[in-house]
Amino acid sequence: VYLILIRGNKILLSRRCNTGFHDGDYSFPAGHLDGNETMVQAMIREAKEEIGIDPKPENLKLVHVMHRKESNEERVNFFFTVEKWNGEPKIMEPHKCDNLSWFEIDNLPTNVIPYIKQAINCFRNKIFYSEIGW
């Protein structure tokens with residue numbers, strides 16, 4: 001699950017570090033389901049764990065689904081957005097994220113993970129489903 005936060009014409013991105021996956025590249029606050037939880041519950045948990053905000057379940061909206069193939073794995077990613085939340089985003093896991101910033105949506109950093117760029121473009125164009133890596 002991935003969280004797309006928009007504030008005006010800016011989008012929140014986090015730069016990964018020390019994870020072994022796209023370290024130094026920007027992504028969204030995200031995470032895997034722990035088991036015995038819904039996608040919405042996982043998204044709320046990850047938002048709290050990674051950036052210290054508390055979105056309410058009724059405010060989360062599923063905006064994109066991506067079927068993604070990497071060299072050694074296949075994933076289905078679910079992208080949520082939320083317009084209202086409690087708290088101000090901040091780095092809560094400095095051992096996994098070394099920058100959390102709002103970027104102009106029309107002027108993203110060059111080091112955004114490619115499938116995240118695709119998700120942003122799909123979100124902006126209201127495309128609900130996409131595939132990458134096939």
Undergrad: Which distance, rounded to the nearest 0.5 Å, do you find between the CZ of R16 and the CG of D98?
TA: 11.0 Å
Undergrad: Take a 6.0 Å sphere around CG of N36 and say whether it holds more than 12 heavy atoms from other residues, nucleotides or ligands.
TA: no
Undergrad: Show, in sequence, the C-alpha distance, side-chain angles and deciding distance for E70 and R75, and conclude whether the salt bridge (Lys or Arg N to Asp or Glu O under 4.0 Å) test is met.
TA: CA-CA 8 Å; E70 298 278 339; R75 300 263 183 199; over 6 Å; no
Undergrad: Are I127 and L62 linked, directly or through intermediate hydrophobic residues, by side-chain heavy-atom contacts shorter than 4.5 Å (ILVMFWY only)?
TA: no
Undergrad: Is it true that S27 and H22 share a donor-acceptor pair across their side chains at a distance under 3.5 Å?
TA: no
Undergrad: Roughly how far apart are L3 CG and E46 CD, rounded to 0.5 Å?
TA: 10.0 Å
Undergrad: Are there over 12 heavy-atom neighbours, none belonging to H32, within less than 6.0 Å of that residue's NE2?
TA: no
Undergrad: Above 12 or not: heavy atoms from other molecules or residues under 6.0 Å from NZ of K61?
TA: no
Undergrad: Looking at R68 and E74, does any basic side-chain N land under 4.0 Å from a carboxylate oxygen?
TA: no
Undergrad: How long is the gap from NZ on K96 to CD on E50, to the nearest 0.5 Å?
TA: 6.5 Å
Undergrad: A side-chain contact here means heavy atoms from C-beta on lying under 4.5 Å apart; do M43 and P55 qualify?
TA: no
Undergrad: Please determine whether residues L12 and M92 belong to a single hydrophobic cluster, defined as Ile, Leu, Val, Met, Phe, Trp and Tyr linked transitively by side-chain heavy-atom distances below 4.5 Å.
TA: no
Undergrad: Determine, step by step, whether R15 and D25 satisfy the salt bridge (Lys or Arg N to Asp or Glu O under 4.0 Å) criterion, reporting the C-alpha distance in whole Å, the side-chain angles of both residues, the deciding distance to 0.1 Å, and the verdict.
TA: CA-CA 5 Å; R15 189 170 56 203; D25 293 336; over 6 Å; no
Undergrad: Does some side-chain heavy atom of H67 sit less than 4.5 Å from a side-chain heavy atom of N77?
TA: no
Undergrad: Does the distance from a Lys or Arg side-chain N to an Asp or Glu carboxylate O, for E88 and R7, drop under 4.0 Å?
TA: yes
Undergrad: If we ignore hydrogens and angles and just use 3.5 Å, is the side chain of N107 paired with the main-chain N or O of E104 as donor and acceptor?
TA: no
Undergrad: State whether D106 and K10 are salt-bridged, where the test is any N-O pair (Lys NZ or Arg NE/NH1/NH2 against Asp/Glu carboxylate O) under 4.0 Å.
TA: no
Undergrad: Count the heavy atoms of every other residue, nucleotide or ligand shown that sit under 6.0 Å from CD of E131, and state whether that count exceeds 12.
TA: yes
Undergrad: Rounded at 0.5 Å granularity, tell me how far CG in N99 sits from OG in S14.
TA: 8.5 Å
Undergrad: Is W134 reachable from V65 through a run of I, L, V, M, F, W or Y residues, each pair having side-chain heavy atoms under 4.5 Å apart?
TA: no
Undergrad: Kindly compute the distance separating CG (N59) from NZ (K84), expressed to the nearest 0.5 Å.
TA: 5.0 Å
Undergrad: By the rule that ILVMFWY residues connect when side-chain heavy atoms come within less than 4.5 angstrom, directly or transitively, which residues belong alongside Y115?
TA: Y2, I4, I6, I11, L13, F21, Y26, F28, V63, M66, F79, F103, I105, L108, V112, I113, I116, I120, F123, I132
Undergrad: Looking at K48 and D54, is any side-chain nitrogen of the basic one under 4.0 Å from a carboxylate oxygen of the acidic one?
TA: yes
